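Read the structure below first, then the notes.
Since the model is a prediction, treat every value here as computed from it, not as a measurement. Here is the naming used below: chain letters follow the sequence lines, and residue numbers restart at 1 for every chain.
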Amino acid sequence: MNFNPRTDEAYQLLHDGILALSRMEQQGIRVDVDYIESKKAHLTRKIERLENQFKDSDFFKHWQKSVKGEINFYSNPQLSNYLYKIKKVKVFKETMSGQGSTDKETLTQLNIPELDDLLKIRNLKKLRDTYLESYLREQVNGYIHPFFNLHLVVTYRSSSSNPNLQNVPKRDEESMQICRGAIYPRPEHQLLEVDFKSIEVSINACYNKDSTLIKYVSNPKSDMHADMAKEIFALDEFQKDCHNVLRQAAKNGFVFPEFYGDYYGNCAENMACGWGKLPQSIWKKGEGVEIGSFIPLFLSDHLISKGITSFNKFTNHVKKIEQDFWENRFPEYAAWKERWWSLYKKYGYIDLLTGFRCQGVMSKNEVINTPAQGTAFHCLLWCIIEIDKIMLKERWDTKIISQVHDSVIFDVNPGELDHVVKVVRKICCEELRKAWKWIIVPLDVEMELSPVDKSWVEKEKINA
DNA sequence: GGAACTCGCCAC
DNA sequence: AAACGTGGCGAGTTCC
């Protein structure tokens, strides 16, 4: 696929963007080298303990006996061979090339306790070797200088490398603590993270102009994910405090996958798997009703009482919700998808609202997803450029240090915090919309701040 | 002995 | 009828 700026403005965005990002790279991000070294040693001890425990197990001994030569239990091909060829375990999921999978989901499902140890070791090695080790390797005088590229991603987003600062663990609490605990502001400074609120959905609304979607992203009191959770889990009322976990399931298991082009079958399965994590207080386990042929899941009394008594029935239920989602809730969005796809098929390219043309061979999902991804990032890039200009002109001690597609991270001088927050909010929520009139919905940002001299782990939401 | 591939897994 | 978008990176493995 090839991409071209079609306007001077589009060219200028990348030109200015590269300069702003390069200043950010030069600035760098402080890491605590002593912390990383001691954490690394700690992880190594933990890994060794688990390795020894694993090597002591009957599982390992049988595996070792069944093949010639030394086995490497970190090798997925070797593990796959042992599980599926020697032990004749039924294949639950295949990889892209048709081999029996050895990913986390599959190994967990096999219910072999030793494999849980192996998964734990994998997790700890990932933290040590991918994150901590790369910070140590890349740091110079306690600062890392990740690259931020504008020329590598097909959808016109950015990428980051050496080290990649766009995939630092966040969702898993323990992994988050270990990795983000290495990242600090400069002495006597604070880390400030500014996040565009659901900007991809907002930008989608600018393309498809769906009236319901516009209402959802324009009204802070409306809540699309809660509304979908009510439908999916057959709730009459949505109680924020006790149903938040269901809102997350609806958001990550249905709404986003549907927007990305997934279908009800995968969505139903996604959400069914998420149920394992639900608190008992909300979902009492049913009478051991097994859902589907291989997922050992239990339905709650609640769903059973609503007549959803099996995985198949749940899938059917989600199928109806999907139909309603596109036919009745977001019909204009659905129509836009078809129009947009037809235009691509006719001309062989798509034009983004930011003045870029994307042409080449694309699948339907790619054609439909590219505009929101690329354009949303362009919004962030425009803001970074403007903030960078003001930062230079006003000689801020505060610096921009990182960026993750829809958020930007500052290393802030506390004396400048109030001013920085005011400027950032003005650029992101007001100036951007004045510059790009095609943004027909309000944009909002959320901010998180770490205390002075504390790591990235300590950040907390602020009302600013 | 290095390039290129597969697989798994972290982020948005 | 078919069915999830974009990256980077480490480890193991195979190709040349």
Side-chain angles (χ1 to χ4, degrees), chain A residues 1 3 71-81 93-107 118-119 121-135 137-138 146-172 174-176 178-180 193 195-201 203-204 251-270 315 318-319 322 337 358 362-377 380 402-408:
Chain A
M1 193 185 338
F3 287 72
I71 59 172
N72 175 355
F73 55 81
Y74 293 124
S75 161
N76 291 322
Q78 289 184 37
L79 177 58
S80 181
N81 179 61
K93 184 172 146 190
E94 288 183 350
T95 67
M96 283 275 288
S97 65
Q99 301 300 304
S101 172
T102 55
D103 69 5
K104 191 176 172 180
E105 187 197 0
T106 311
L107 297 192
L118 193 57
L119 286 174
I121 300 175
R122 259 193 206 165
N123 169 242
L124 298 177
K125 275 172 71 84
K126 170 112 180 161
L127 300 179
R128 185 189 63 180
D129 301 339
T130 302
Y131 297 102
L132 298 185
E133 183 61 42
S134 73
Y135 302 159
R137 187 178 60 238
E138 299 290 341
F147 293 104
F148 291 92
N149 309 295
L150 293 182
H151 62 297
L152 295 177
V153 182
V154 295
T155 58
Y156 261 114
R157 291 221 289 218
S158 63
S159 69
S160 166
S161 62
N162 305 96
N164 180 354
L165 223 78
Q166 294 181 325
N167 69 347
V168 187
K170 183 174 191 175
R171 290 159 202 171
D172 179 71
E174 192 198 346
S175 308
M176 185 277 281
I178 289 170
C179 297
R180 298 191 176 217
E193 186 165 352
D195 222 285
F196 268 112
K197 219 171 152 182
S198 64
I199 191 165
E200 275 196 20
V201 180
I203 294 303
N204 256 327
K251 176 182 172 186
N252 299 321
F254 183 81
V255 178
F256 284 162
E258 284 288 342
F259 282 166
Y260 283 140
D262 206 354
Y263 87 116
Y264 66 88
N266 287 334
C267 292
E269 210 179 302
N270 286 341
T315 303
V318 176
K319 182 180 179 179
E322 179 188 81
K337 290 207 292 191
C358 318
M362 286 183 267
S363 70
K364 186 173 181 184
N365 281 342
E366 282 176 299
V367 167
I368 286 161
N369 280 315
T370 293
Q373 280 199 9
T375 309
F377 174 68
L380 182 79
S402 184
Q403 158 273 123
V404 194
H405 310 309
D406 65 355
S407 73
V408 51

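We find that CZ of A/Phe148 is positioned 13 Å from P of B/dC12, with the value rounded to whole Å. Rounded to an integer number of Å, the gap from CG of A/Leu118 to P of C/dG12 is 12 Å. Rounding to whole angstrom units, OH of residue A/Tyr74 and P of B/dC9 are separated by 14 Å. Summarising the geometry, the separation between CG on A/Asp129 and C1' on B/dC10 is reported as 14 Å, rounded to the nearest angstrom. Rounded to an integer number of Å, the gap from A/Leu79 CG to B/dG8 P is 9 Å. The interatomic distance linking A/Tyr263 (OH) with C/dA2 (P) rounds to 11 Å, in whole Å. For A/Asn164 and B/dC12, the CG to C1' distance is 11 Å, given to the nearest whole Å. Going from atom CD1 of A/Ile71 over to atom P of C/dA11 covers 19 Å, rounded to whole Å.
Judged by distance alone, the side chain of A/Tyr131 and the main-chain N or O of A/Pro163 form no donor-acceptor pair under 3.5 Å. No donor-acceptor distance shorter than 3.5 angstrom exists from the side chain of A/Arg128 to the backbone of A/Glu133, with no hydrogens or angles considered. In this structure, A/Thr106 contributes its side chain and A/Lys93 its backbone to no donor-acceptor pair below 3.5 Å.
Taking every side-chain heavy atom of A/Asn72 into account, C/dG12 is the closest of C/dG12, B/dG8, C/dG8. Side chain of A/Asn266, nearest nucleotide from C/dT6, C/dC4, B/dC10: C/dC4. The side chain of A/Gln373 lies closest to C/dG5, out of C/dG10, C/dG8, C/dG5. Of the candidate nucleotides C/dG8, B/dA11, C/dA11, B/dA11 has the atom nearest to the side chain of A/Pro169. When the nucleotides C/dT6, B/dG8, B/dC12 are ranked by their closest atom to the side chain of A/Lys170, B/dC12 comes out on top. Side chain of A/Lys104, nearest nucleotide from C/dG5, B/dC9, B/dC7: B/dC9. For A/Thr95, the listed nucleotide lying nearest its side chain is B/dC7; candidates were B/dC12, C/dC9, B/dC7. For A/Asn167, whose side chain is taken as the heavy atoms from C-beta onward, the closest listed nucleotide among C/dG8, C/dG10, C/dC4 is C/dG8. Nearest to the side chain of A/His405, among B/dC12, C/dG10, C/dG8, sits B/dC12. Distances were taken from every side-chain heavy atom of A/Pro77 (C-beta onward) to each of C/dT13, B/dA11, C/dG8; the shortest belongs to C/dT13.
For the pair A/Leu380 and A/Ser407, the tightest heavy-atom approach, listed with the atom from each and the gap, is CD2-O, 3.6 Å. The shortest non-hydrogen separation linking A/Pro257 to A/Lys251 is CD-O, 3.9 Å.
Residue-level contact check: A/Gln99 touches the backbone only, with heavy atoms under 4.0 Å from sugar-phosphate atoms and none from bases. In this structure, A/Gly261 reaches the sugar-phosphate backbone alone: every heavy-atom distance under 4.0 Å involves primed, P, OP1 or OP2 atoms, never a base. At the heavy-atom level, A/Leu152 lies under 4.0 Å from the strands shown only through sugar-phosphate atoms. Using a 4.0 Å heavy-atom criterion, one finds that A/Arg180 contacts no nucleic acid atom at all. Residue contacts shown for A/Glu133 are absent, as no nucleic acid heavy atom lies under 4.0 Å away. Using a 4.0 Å heavy-atom criterion, one finds that A/Ser101 contacts the sugar-phosphate atoms exclusively.
Using a 4.5 Å heavy-atom threshold, the side chains of A/Thr155 and A/Asn369 count as separate.
In this structure, A/Arg122 does not reach the C/dG10 phosphate: none of its side-chain N or O atoms is under 4.0 Å from OP1 or OP2. At the phosphate of B/dT6, neither OP1 nor OP2 sits under 4.0 Å from any side-chain N or O atom of A/Ser97. Taking 4.0 angstrom as the limit, A/Arg171 places none of its side-chain polar atoms (N or O) nearer than this to OP1 or OP2 of B/dC9. For C/dT13, one of the phosphate oxygens OP1 or OP2 lies less than 4.0 angstrom from a side-chain nitrogen or oxygen of A/Ser75. Between A/Thr102 and B/dG8, a side-chain N or O to OP1/OP2 separation shorter than 4.0 Å is present. Phosphate contact (OP1/OP2 of B/dA11, side-chain N/O of A/Ser160, threshold under 4.0 Å): absent.
A/Lys126 contributes a side-chain N or O that forms a donor-acceptor pair with the base of B/dC9 under 3.5 Å.
Of the N and O atoms on the side chains of A/Ser175 and A/Asp172, at least one donor lies less than 3.5 Å from an acceptor on the other residue.
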